[in-house]
Amino acid sequence: MQLSRRTLLTMLPASALLAVAAPLRARAAGPPIATSAGGAAEPGADHAALLANTVAIFAGTAESNARPEVAAKLAAITSTARTRLAALDGAGPGELFKGVALGTSDANLNTSYQYLYEIALATRTPGPAASDLRDDVSVQRRVIDGLVLLHDTYYGDQSKGYYGNWFNWEIGISASVSRTLVLLKDELALYKPDLTAAYVSSMDAYLRNGKDGDVDLDSRFHTGANLADITTNRILQGAVTGDDARVVKAVADQLTVYATVDPYHPRHGVTDGFYADGSFIQHDSVAYTGSYGKVLLTRAVQTIKILEGTDYISTGTDGSTDNGGGTGTGTGDLVAVVRGWVADGFAPLVFEGWMMEIVKGRGVSRTATGYTDVAVVVEAVVDLSGHSTGADATALQAYVKFVRQTSKAALDPAVFVSPVSVARYADILADASVPAADLGDAESHTAFNAMDKTVHRRPGYAFALARSSDRISKYEYMSGENLMPWFQGDGAHYLYLAGQDQTRSFGIDYYTTVSPYRLAGVTAPVETRRTIPELYGTAWYDNPERGFTSSSESQNTYVYFPRGTNSLSGGARLGAYGAVGLVLGDDVAYAAKQAGELPDDFVVHRNASATKSWFMLDDEIVVLAAGVGDAAGRAVTTTLDSRIAAASDAVTVTGRLRDGATWPGGGDGSAGGGGGTAPGPVAWLRYADAGQGSAVGYVFLDGGGDSRPTVALDTVTRSRRVVRTSNPDTPVTKRVFSLSVDQPAGARPLSMAHALVPNATERQLKAYGAGRGHGGGAGRGPLSVVANTTRVQAVEHRGLSLLAANTFTPGTHRAGRLSIDGAASVLLRTSHDGTVSVAVCDPTMARNTVSVTVRGRRLRAVSSDDGVRVLVVPGGTRIDVDTHQAHGRSLTVRLR
C-alpha cells in the first residue's frame with residue numbers, strides 16, 4: 001500500500017515550508033500582546049489551546065483515560081510517580097532524590113528534573129482510573145519546592161552551571177522544566193508566582209550555543225532533532241508565560257527542520273535533517289535515523305498536536321496547502337512531510353518490527369532493543385494517522401497493523417508517551433476494515449546514498465550495508481558509548497532472516513560477543529586497538545590548548561564521528577535490484593596526523609586496503625573484493641560473515657570443496673569438527689542454527705582467486721560493559737560463528753568473490769555448483785563473475801538477464817556488453833520483450849557526467865529521467881547521464 005505522497009522528492013520544497021517563517025518572525029518582532037494590570041502578558045486563546053494540547057499529550061484526556069486499554073499506561077505513570085516520591089522522601093545530604101547526588105554531575109541534575117516532572121504528571125492525569133495523586137496540591141507543592149531547591153542551589157547561578165554535556169543544559173533540563181511548568185501552571189501562580197519567570201530566564205541563559213538567549217540557526221548545535229527539541233521547549237515556555245513572540249519565533253525556527261536538505265545549497269550551512277532519498281543525518285555526518293531521527297519524528301508529531309487548533313499555522317489535515325490567512329503552510333502540510341519521512345526514511349529500515357543497526361550511531365551499544373526503537377516510530381505513525389485522511393490515513397493504520405503482525409516482540413503500548421496514543425492504537429488494531437500492509441514493497445532496494453547506507457529486502461530476508469566516505473562518518477563514539485566502533489562503516493553488513501527473534505542475532509549482544517575486528521563484511525588489519533577511555537583516561541581527548549574540549553569541533557571531527565578519506569561510496573538502483581561500490585579509506589584523523597596537524601599524543605590508526613562491490617539480487621547478495629591487503633605489511637582479516645546463536649543452540653557448518661570432498665570434520669561445530677581453514681578451494685558452505693531454524697549459505701565463485709576461508713565457531717562470554725561504560729556488568733554467552741579469509745603479514749593483495757544465500761538449503765547450494773537453479777558457482781550456471789579488479793567489478797545473472805558493474809578509476813572500463821567511462825555504478829537488465837533498462841549512478845558524487853555505452857545493436861530511448869541523453873555511436877548506443885549535483889541518485893533510461 002502506497003501513501004499518496006510517496007516520496008520526499010514530491011514533497012513540499014523548502015521554499016514552501018519556509019514561506020511561513022518570515023511572517024511568523026515578523027509577528028514575533030511586532031508589538032507585544034495585551035498585558036494585564038500586573039504587567040504580565042495574558043495568554044490568548046492560542047496559548048490556552050497550546051497548554052491544553054500539551055497536557056493532553058502527556059497526561060491524556062478524560063475520554064482517552066476512561067478506556068480499559070489505557071489502564072496499564074496510567075498505572076505506569078502512577079507507579080513511577082510513587083517511586084520518585086519514595087526517593088524524594090529518602091534523599092540524603094546533597095541530594096533531592098535518594099541516590100542521585102548533585103553538585104558535580106549534570107546527568108544527575110537532569111535526572112532530578114525528570115523525576116520532578118514524572119511526579120507532576122501523575123497529579124494531572126485525568127480519568128476514572130487515575131490515582132489519588134490526581135490534583136493533590138500537597139504533592140504538587142512538593143514538586144514546586146523541589147524546583148525551588150534545584151534552582152536556588154544547583155541551577156540558577158549560571159556561573160556555576162554548564163559543566164559536562166551541553167545537551168543537558170540546553171535541551172534535557174529545559175524539556176523537563178518546561179513540561180512541569182505547563183502541568184503545574186495554576187498552582188505555581190498561587191504558590192510561587194515568580195518561579196516560572198525565573199526558570200525561563202535561566203533557561204534562556206543556558207542557551208549558550210544560541211544567540212541572546214534564543215535559537216541561533218547558524219549554530220552547529222541548533223540543528224535537526226536538537227533544534228526541534230529546543231524550539232518545542234520554547235513554544236511551551238511562551239505558552240505558559242503568555243509570550244507570543246517567543247512562541248511564534250520558535251514555530252518559525254522549527255519549520256526549518258521540516259525542509260528537505262539540499263546538500264548543494266544548505267540553509268545556514270546545515271546538513272542535518274532528511275534528504276531527498278530518505279536519508280537522515282545528524283551531527284553533520286552521522287547516519288542517524290534510528291536514534292536522533294526517531295527523536296525528531298516524535299518531536300515533530302508532538303508539535304503538530306501541540307499546534308492543533310491554533311493560528312500559528314493553519315490547521316488543514318488533508319495535506320493540501322491551507323494558507324490560514326496567508327501564512328502559506330498548514331499543519332496538513334507538515335503532516336504530509338512527516339508522512340514522507342515515515343514512508344521513505346523509516347519504513348525501509350524496519351524489518352519485522354526491528355530497527356536496523358546501520359542507522360543507530362552510538363545507540364548500537366545500548367541495551368534497548370531494535371523492537372523498543374520501533375515502538376517510538378509506531379506511536380508517531382499512530383498519531384499521524386489521526387491527522388491524516390483518506391488513503392493516507394488508511395496506509396498509516398495498515399502499517400501499524402503490519403508492524404504488529406510481523407514483529408517477533410509484542411509491542412506494549414504502555415511505553416508510548418501519550419495515553420491518547422494508546423487509545424488510538426487500540427482503535428486501529430480493532431478496526432477490521434484496515435488490512436495489515438507495509439508502506440513499501442516486499443521486494444525492494446533502497447539506496448540511502450546521502451548517508452552511505454543501503455537496504456535490500458526480499459520476503460525472506462533483509463540485507464543492510466553500512467558504508468562511509470569523506471562525506472559520511474565511519475562510526476559514532478561519544479560519552480563512553482560504542483567503545484569499539486572502528487570498522488562499523490567499512491562495509492559491515494547485517495543479514496536479517498525472516499521469522500527470527502532479532503535479539504538472538506543482533507543488537508547489544510552481537511557487539512558484545514563478536515570481535516570489533518570481525519564484524520560481518522569487514523576487512524581489518526590484525527592489530528589491537530584501545531578505546532578512548534583506555535587511551536586518554538577520559539571519555540574524550542582532552543587538550544584545550546589544541547582545541548580539543550568535550551564538545552569542540554575538533555573532538556567531533558577526529559574522535560566522536562570521524563569521516564573517511566575515500567570519496568567512492570555508493571551505488572545504482574534499478575527497480576528492486578542494486579549495485580554498491582566502496583573503496584576503503586583511512587579516517588581523517590590518520591590523514592591529519594601524517595600531515596602534522598594533530599598533537600603527538602593523539603593516537604590514530606591506519607586502515608587496510610580493499611576495493612569492494614555488493615550486487616544485490618533475489619536469492620543472493622554477490623560480494624566481490626580486489627586489492628585486499630595492507631600497504632604497511634600487516635596481517636589482514638576479511639570477515640565474510642559473523643553470526644551469533646544461543647550457547648545451547650545446535651549450530652552446524654557443512655559444505656563441499658570444489659574437488660567434491662565434504663567440508664572437514666562433519667560440520668557439527670564442536671572442537672575438531674566444522675572449524676578450521678579449508679584444505680582446498682571451497683564450492684559452498686552452509687551455516688545452520690537449529691535453535692532458530694535459520695540458515696545462511698556461502699557460495700564461492702570464480703574471479704575470487706584461491707582464497708581459502710577459515711571457519712571459527714567459538715563460545716564467547718563477555719560483559720555488555722565492554723561496549724558501553726554505563727551498561728550493567730551483565731555477562732553474555734553466545735556461540736559466535738565467523739567465516740573469514742586470513743592473510744599473513746606481508747602477503748600480496750587478494751581478490752575474493754562469494755555470494756551470500758539467505759535461508760539456503762543444502763540442495764540449493766549444491767545446485768550452484770552443478771549449474772542448476774538461480775545461480776552458478778565456479779563460473780557455471782546463470783550467475784558469473786565478469787570482472788573483479790581494483791578498476792572494475794561486475795557480475796552477470798543470466799537467469800535475471802541482469803548485468804551489474806562498478807568502476808572505480810578514470811578511463812574506459814569494459815564489463816560484458818557495457819563500456820563505462822570513469823568511476824560509476826551501472827545496472828542493465830533486458831526484459832522479455834527486448835526492452836533494455838539501464839540505471840547509472842555516480843558513487844563519488846563529484847562527477848558532472850557519466851557516459852555508458854551499450855555495445856551491440858542500436859537502441860532508441862523509450863523513456864528516461866531528466867538529464868539522460870541517448871546517442872547512436874559506432875558499435876552501439878551511448879548514454880550520457882548528467883550527474884551534476886545528483887548526490888548519488890540513480891538516473892534511468894529504457895531502450896528498445
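Hydrogens, waters and symmetry mates play no part in the numbers below; they use all other heavy atoms, side chains included.
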Can you run down the ring pair (Phe, Tyr, Trp, His ring centres under 6.0 Å) pairs that involve residues 201-221, sequence neighbours left out, and say none if there aren't any? Tyr155-Tyr206, Trp166-Phe221, Trp169-Tyr206

Over all heavy atoms of both residues, which pair between [X] and [Y] is shortest? Give the atoms and the distance, please.
X      : Y      : answer
Asp229 : Arg299 : OD1-NE, 2.5 Å
Lys73  : Pro419 : CG-CG, 4.1 Å
Ile281 : Ala450 : CD1-O, 3.4 Å
Thr61  : Ala56  : CG2-CB, 3.7 Å
Asn165 : Ser479 : ND2-OG, 4.4 Å
Ala59  : Pro126 : O-CD, 3.5 Å

Whether the side chain of [X] engages the backbone of [Y] through a donor-acceptor N/O pair (distance < 3.5 Å, no angle test) should be reported.
X      : Y      : result
Thr153 : Leu150 : no
Asp157 : Ser159 : yes
Asn108 : Ala101 : yes

Do you see a donor-acceptor pair shorter than 3.5 Å between the side chains of [X] and [Y]?
X      : Y      : value
Tyr288 : Glu476 : yes
Gln555 : Ser550 : no
Ser202 : Gln158 : yes
Gln114 : Ser176 : no
Thr303 : Gln254 : yes
Asp383 : Ser421 : yes
Glu170 : Asn209 : yes
Ser388 : Arg339 : yes
Asp244 : Tyr312 : yes
His222 : Asp216 : no
Thr80  : Thr83  : no

Centroid-to-centroid, His283 to Tyr292, below 6.0 Å? yes

For Phe280 and Tyr275, I'd like to know if the aromatic rings sit close, meaning centre-to-centre distance below 6.0 Å. no

I'd like to know if [X] pairs up with [Y] as an ion pair, taking the criterion as any Lys NZ or Arg NE/NH1/NH2 lying under 4.0 Å from an Asp or Glu carboxylate oxygen.
X      : Y      : result
Arg366 : Glu481 : yes
Asp218 : Lys211 : no
Asp136 : Arg141 : no

Evaluate Met451 against Val359 for side chain to side chain contact (heavy atoms under 4.5 Å, CB included), listing each step before the verdict. CA-CA 9 Å; Met451 61 177 178; Val359 290; 3.7 Å; yes

In a check of salt bridge (charged side-chain N to carboxylate O under 4.0 Å, His left out) between Glu118 and each of Arg179, Arg84, Arg82, which one passes? Arg84

Got [X] and [Y] here, is their nearest side-chain heavy-atom distance under 4.5 Å?
X      : Y      : value
Glu308 : Asn53  : yes
Ile173 : Leu109 : yes
Tyr191 : Asp145 : yes
Leu85  : Leu88  : yes
Val100 : Glu95  : no

Distance check, rounded to the nearest 0.5 Å: [X] atom [atom1] versus [Y] atom [atom2]?
X      : Y      : atom1 : atom2 : result
Phe561 : Met478 : CZ    : CE    : 4.5 Å
Asn233 : Ser174 : CG    : OG    : 5.5 Å
Phe167 : Ile230 : CZ    : CD1   : 8.5 Å
Ile306 : Thr54  : CD1   : OG1   : 4.0 Å
Ser291 : Asp373 : OG    : CG    : 6.5 Å
Thr111 : Leu96  : OG1   : CG    : 11.5 Å

Reference residue Thr223; test side chain to side chain donor-acceptor pair (under 3.5 Å); the match among Thr256, Asp272, Asp284: Asp272

Report the residues that fulfil salt bridge (Lys or Arg N to Asp or Glu O under 4.0 Å) with Arg124, sequence neighbours left out, ordered by chain and then residue number. none

Under the criterion salt bridge (Lys or Arg N to Asp or Glu O under 4.0 Å), I'd like the reasoning laid out for Arg234 against Asp204: C-alpha separation, chi angles, the key distance, then a yes or no. CA-CA 9 Å; Arg234 293 182 70 78; Asp204 287 351; 2.9 Å; yes

Test side-chain contact (heavy atoms from CB on, under 4.5 Å) applied to Gln140 and Thr180, Leu133, Thr123, Ile119, the passing residue: Thr123

Under the criterion side chain to side chain contact (heavy atoms under 4.5 Å, CB included), I'd like the reasoning laid out for Ser112 against Leu102: C-alpha separation, chi angles, the key distance, then a yes or no. CA-CA 9 Å; Ser112 297; Leu102 297 169; 3.5 Å; yes

Parallel, tilted or perpendicular: which fits the ring planes of Tyr199 and Tyr113, with parallel below 30° and perpendicular above 60°? perpendicular

Verify side chain to side chain contact (heavy atoms under 4.5 Å, CB included) between Met203 and Val200, making sure each step is shown before the conclusion. CA-CA 5 Å; Met203 287 187 284; Val200 171; 4.2 Å; yes

Residues Val301, Glu379; criterion side chain to side chain contact (heavy atoms under 4.5 Å, CB included); working and verdict: CA-CA 9 Å; Val301 174; Glu379 181 176 7; over 6 Å; no

